[in-house]
Structure formats: C-alpha cells, structure tokens
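To keep things clear, I will list the structure first and then write my remarks on it.
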Amino acid sequence: MNQVKRVVIAGAGIGGLTAALALARQGIQVVMCEQSSQLGEVGAGLQISPNASRVLIKLGLADALKSKVFEPAYASIRDYRSGEYYLRAPLGNEAEFRYRAPYWHLHRADLHVVLVEACRSAGVQIQLNAEVSGYQQEQDKVVLLLTDGQSVTGDLLIGADGIRSAVRTQLLGPEKPSFMGQVAWRGVISVDDLAIKIEPEACVWAGPGKHLVTYYLRGGQEVNFVAVEERSDWRSESWREEGDIQQLRRAFADWHPQVTGLLEAAKSSFLWSLNGRAELPTWHDKRVVLLGDACHPMLPFMAQGAAMSIEDAYVLADQLSRCDMSTALMNYEAIRKPRATKIQQMSAANAGLYHMHGGVLGKAKLKAMQLATSIAPKIVQSKLDFVYGHDVIG
C-alpha cells in the first residue's frame with residue numbers, strides 16, 4: 001500500500017484545518033502553508049448543521065466549542081414587510097434527536113481558533129506568509145512552490161486555498177470564478193447595542209431581489225447578519241471590502257421593523273461579491289487534490305459552505321486511512337462530488353425562493369410552503385434530511 005506519511009495543505013481556513021487535524025490524529029505529518037501573515041478570520045458567523053457538527057464532535061472539539069455555540073430553536077423564513085412566517089421548522093433538541101447531532105451557530109473566528117489550537121496540539125506545522133505560486137509533481141513526492149522561493153515537500157498536496165485557489169489554477173488551468181449577480185454584507189452586532197428583540201432562530205427575511213439572514217452567536221451575546229442584494233453593476237475585484245452601512249440601511253429601508261432596527265445598530269460590515277464555479281471535471285491529479293471552496297464554491301443560501309468543507313476534510317482523511325493514495329483520492333471524489341454538486345444546485349435554487357423571483361408567482365411559492373408546513377410539517381422537515389442527516393462518519 002502506498003501509505004501517505006507527510007501531507008502539505010495549502011490554506012489554513014476551516015476546511016484545511018479540519019483536514020489537518022483529522023490527518024494528524026492518524027499520525028500523519030502535516031505542514032500547512034497559509035499566505036496571510038497571521039492566523040485569523042473575519043467577524044462573521046457560521047451555521048454548523050448536524051452533518052458538520054458531528055464531525056467536529058468526532059474530532060474531539062465539543063468541549064472547546066461548548067461555551068462558544070448558540071443552538072437556535074427554529075429555522076424560519078419570514079416575509080420582508082409583514083413578518084409572517086412562511087416556514088418555521090424546529091431545530092434545537094428536536095433536530096439533535098432527529099439527526100443525532102446538534103445544530104450550532106458559531107462565530108467563524110471562534111471555530112478557527114479552536115481548530116488552530118487543536119492542530120498545533122496534534123503536531124501540525126503551520127507556516128505563515130507562505131503564498132503559493134504552484135507545485136511540481138514527481139514520481140514519489142509533490143513539491144509546493146512558494147512565491148518567496150521556498151518550497152515544501154510531501155507525499156500529497158491538498159489545495160484548500162479557496163475560490164481563487166492557486167492549486168486549482170495549475171491543476172485545471174486559469175479561469176476566473178463567475179460573478180453570480182449578487183453581493184453580500186456581513187456583520188456582527190452586540191446584543192447590548194440592540195433596541196429590538198431578535199428571535200432565537202436561523203431566520204431568512206425574504207423579499208423582492210434581496211434577503212437578510214439573522215442568527216445569534218456566542219451563547220446569545222451577539223447577532224450575526226448576512227444581507228444579500230442582487231446587483232448587476234459590481235466591478236470590484238476584492239473578495240472582501242468595508243461595506244457602506246448607510247447604503248445597506250437604504251437598501252432595506254422599507255423592510256420589517258426588526259430588520260431596520262437591527263441594521264440601525266450595525267456599526268460596520270464587510271461587503272463582497274458572491275462568486276461560483278461550474279462543476280469541475282475532476283478534483284484530483286496524481287498527488288494533488290482539492291477541498292472545499294477550491295473545488296465547489298457555493299452561494300450561501302443553504303448555509304452549507306463551511307459544512308461541505310468539513311465533510312470533505314473528514315472523508316478525505318478517512319479514505320487515506322483505508323486505501324492507498326491513488327484509490328483514496330478516487331474514492332474521495334466519487335463520494336463527495338455528487339453531494340457537493342447537489343448542494344451547490346440547491347443553494348442556487350434558493351435564491352429564487354428567497355428573492356421572490358417571478359413577482360406574484362414568487363410569493364405564491366412561499367405561500368405554498370406556508371400551507372404545506374401547516375398541513376404536513378413532518379414532510380416539509382424531511383426535505384432537509386438529505387442535508388442535515390448525512391453522516392460521513394458512518
């Protein structure tokens with residue numbers, strides 16, 4: 001068996017760190033190369049649904065995360081003006097019983113810190129200021145090349161370096177990600193700064209051409225918001241820039257008082273374009289493999305971006321523990337690609353639902369969901385089983 005003993009990972013984001021921890025726990029030597037000068041994440045929240053939380057628990061992170069999570073009572077969709085509920089599906093204890101794992105809200109930075117600490121405790125070497133320029137494959141090794149002239153050698157290279165992945169570019173050729181016609185503001189607000197009450201839900205406020213998501217973080221001390229607006233005039237090449245709070249408030253000025261009240265308390269936000277890629281022809285080549293946004297970036301309308309990266313990481317590490325490298329990479333892609341592609345498609349489809357595409361017809365679809373929820377709530381809830389009930393641990 002071609003046993004992998006040393007792995008190089010490009011990118012120290014959530015997916016890369018999860019893969020590093022899972023591999024290190026198997027006794028594999030891991031070197032991570034991160035282009036930033038310091039480790040850290042932006043001030044934004046994550047929804048870690050049961051399909052991903054069970055992986056973090058399996059990796060022994062439950063105690064470290066316990067004080068940092070918030071468990072929402074419901075997942076909901078509400079009308080942007082009236083506030084009426086089109087959907088209110090139970091989460092909390094009911095979701096944990098149904099899926100055998102909890103539904104968590106986490107600050108991205110908190111999860112990142114816990115993963116970094118766990119990786120370092122497991123012996124993972126993290127190299128900063130390590131910007132990738134490319135790689136070279138040889139018969140018995142792969143060499144990651146850095147822009148400063150240094151290089152790192154391993155048996156396997158994992159490209160976990162995001163939507164603009166340098167590893168993906170060399171593997172499949174240069175191609176810019178596609179702008180999806182939407183931009184997102186993200187921000188976090190202290191509960192102490194709010195003059196209104198926010199329900200303890202993962203709530204989508206749906207409206208024409210835009211939507212806004214709210215949920216609690218850090219045990220209920222903060223509220224995260226994500227405001228998405230359809231735009232055709234976006235020209236910025238930056239993946240993240242400071243958002244104009246006044247512009248954000250104007251965009252949602254005629255919405256429900258909970259929305260306007262929330263945005264009134266916002267002091268800052270990040271703004272970036274939402275980009276995607278078509279399904280890639282392959283995720284691996286010889287000793288190089290992609291993971292997370294490097295191979296399947298998705299719109300955030302299923303809250304599954306981080307969750308898919310976490311699933312990828314566990315499956316890849318698990319396959320490498322079971323098979324020779326070549327077989328493991330083929331199995332990994334065969335297992336993960338159909339699911340990730342399906343979630344990408346579901347996320348894109350939700351844009352039409354959340355943004356009431358079709359005018360009266362768009363609202364009629366939400367009304368139909370409302371009726372179905374009242375008549376057969378368990379059937380409606382079961383539609384999420386494919387996402388939340390998926391168990392990569394087995």
Side-chain angles (χ1 to χ4, degrees), residues 1-5 7 9 14-28 30 46-66 69 71 91 93-104 106 111 114-115 118-119 122 124 156 158 160 282-284 289-292 294-296 298 302-346 381-394:
M1 181 180 293
N2 183 13
Q3 183 64 42
V4 173
K5 297 180 180 179
V7 173
I9 301 178
I14 302 300
L17 287 165
T18 304
L21 180 59
L23 291 165
R25 292 276 171 81
Q26 297 175 15
I28 294 174
V30 181
L46 293 173
Q47 296 192 54
I48 303 296
S49 47
N51 49 303
S53 69
R54 64 168 47 93
V55 173
L56 300 179
I57 292 169
K58 176 70 173 179
L59 293 174
L61 304 180
D63 288 344
L65 293 171
K66 187 176 182 180
V69 304
E71 297 190 25
L91 294 176
N93 291 335
E94 187 165 335
E96 186 164 359
F97 176 79
R98 185 181 185 94
Y99 301 119
R100 295 173 288 108
Y103 196 112
W104 287 339
L106 267 167
L111 177 56
V114 167
L115 282 167
C119 281
V124 174
L156 173 68
I158 299 175
T282 184
W283 288 8
H284 74 281
V289 65
L290 302 175
L291 179 152
C295 52
H296 54 68
M298 59 188 65
M302 289 288 294
Q304 286 295 303
M308 289 298 102
S309 294
I310 291 168
E311 286 187 11
D312 285 353
Y314 189 89
V315 171
L316 178 56
D318 182 58
Q319 287 299 315
L320 288 168
S321 73
R322 296 170 183 267
C323 313
D324 66 89
M325 186 178 66
S326 178
T327 302
L329 299 187
M330 287 190 293
N331 289 349
Y332 160 72
E333 182 172 328
I335 292 168
R336 294 299 304 153
K337 191 176 179 185
R339 174 167 168 80
T341 301
K342 178 65 174 177
I343 299 292
Q344 279 180 306
Q345 294 167 349
M346 292 171 69
Q381 187 177 1
S382 69
K383 293 184 180 297
L384 292 172
D385 290 352
F386 166 77
V387 182
Y388 300 162
H390 191 73
D391 187 353
V392 297
I393 296 171

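Here the structure is a predicted model, which means the values were calculated and not measured.
The CD1 atom of Ile335 sits 11.5 Å away from the CE atom of Met330 when rounded to the nearest 0.5 Å. Between atom CD of residue Gln3 and atom CD1 of residue Ile28 there is a gap of 6.0 Å, rounded to the nearest 0.5 Å. Note: Leu316 CG to Leu23 CG = 6.5 Å, rounded to the nearest 0.5 Å. In this structure, OG in Ser49 is found 9.0 Å from CZ in Arg54, a value given to the nearest 0.5 Å. Atom CG of Leu56 is separated from atom CD1 of Ile310 by 4.5 Å, given to the nearest 0.5 angstrom. We find the CG-CD1 distance between Leu106 and Ile14 to be 9.0 Å, quoted to the nearest 0.5 Å.
Heavy-atom minimum distance, Val7 versus Val4: CG2-CG1, 3.4 Å. Annotation for Cys119 and Ala20: closest pair SG-CB, 3.9 Å, computed over non-hydrogen atoms. The shortest non-hydrogen separation linking Asn51 to Ala307 is ND2-CB, 3.9 Å. Smallest separation of non-hydrogen atoms from Ala24 and Val30: N-CG2, 4.1 Å. In terms of heavy atoms, Pro338 sits closest to Ala334 at CD-O, 3.2 Å. Closest approach of Ile9 and Gly16 over heavy atoms only: CD1-O, 3.7 Å.
For the pair Leu329/Leu156, a side-chain contact is recorded, criterion being any heavy-atom separation below 4.5 Å from C-beta on. Between Ser382 and Arg98 there is a side-chain heavy-atom pair separated by less than 4.5 Å. Residues Val387 and Ile343 are in side-chain contact: their nearest non-hydrogen atoms beyond the backbone lie under 4.5 Å apart. Between Leu291 and Tyr332, the closest side-chain pair of non-hydrogen atoms falls below 4.5 Å. Taking the side chain as every heavy atom from C-beta outward, Asp312 and His296 approach each other to under 4.5 Å. For the pair Leu61/Leu21, a side-chain contact is recorded, criterion being any heavy-atom separation below 4.5 Å from C-beta on.
Checking side-chain atoms of Gln26 against main-chain N and O of Ala317 turns up a donor-acceptor pair under 3.5 Å. For the pair Ser321 (side chain) and Asp318 (backbone), a donor-acceptor distance under 3.5 Å is present.
Within a 6.0 Å radius of CG in Asn93, other residues, nucleotides and ligands contribute 12 heavy atoms or fewer. When the shell of 6.0 Å around NZ of Lys337 is examined, it contains more than 12 heavy atoms from other residues, nucleotides or ligands.
Asp385 and Tyr99 share a donor-acceptor pair across their side chains, judged by distance under 3.5 Å alone.
By the 6.0 Å and 45° rule, Arg339 stacks over the aromatic ring of Phe386.
Note on ring orientation: taking the six-membered ring where Trp is involved, the planes of Tyr103 and Tyr388 are perpendicular (angle over 60°, cut-offs 30° and 60°).
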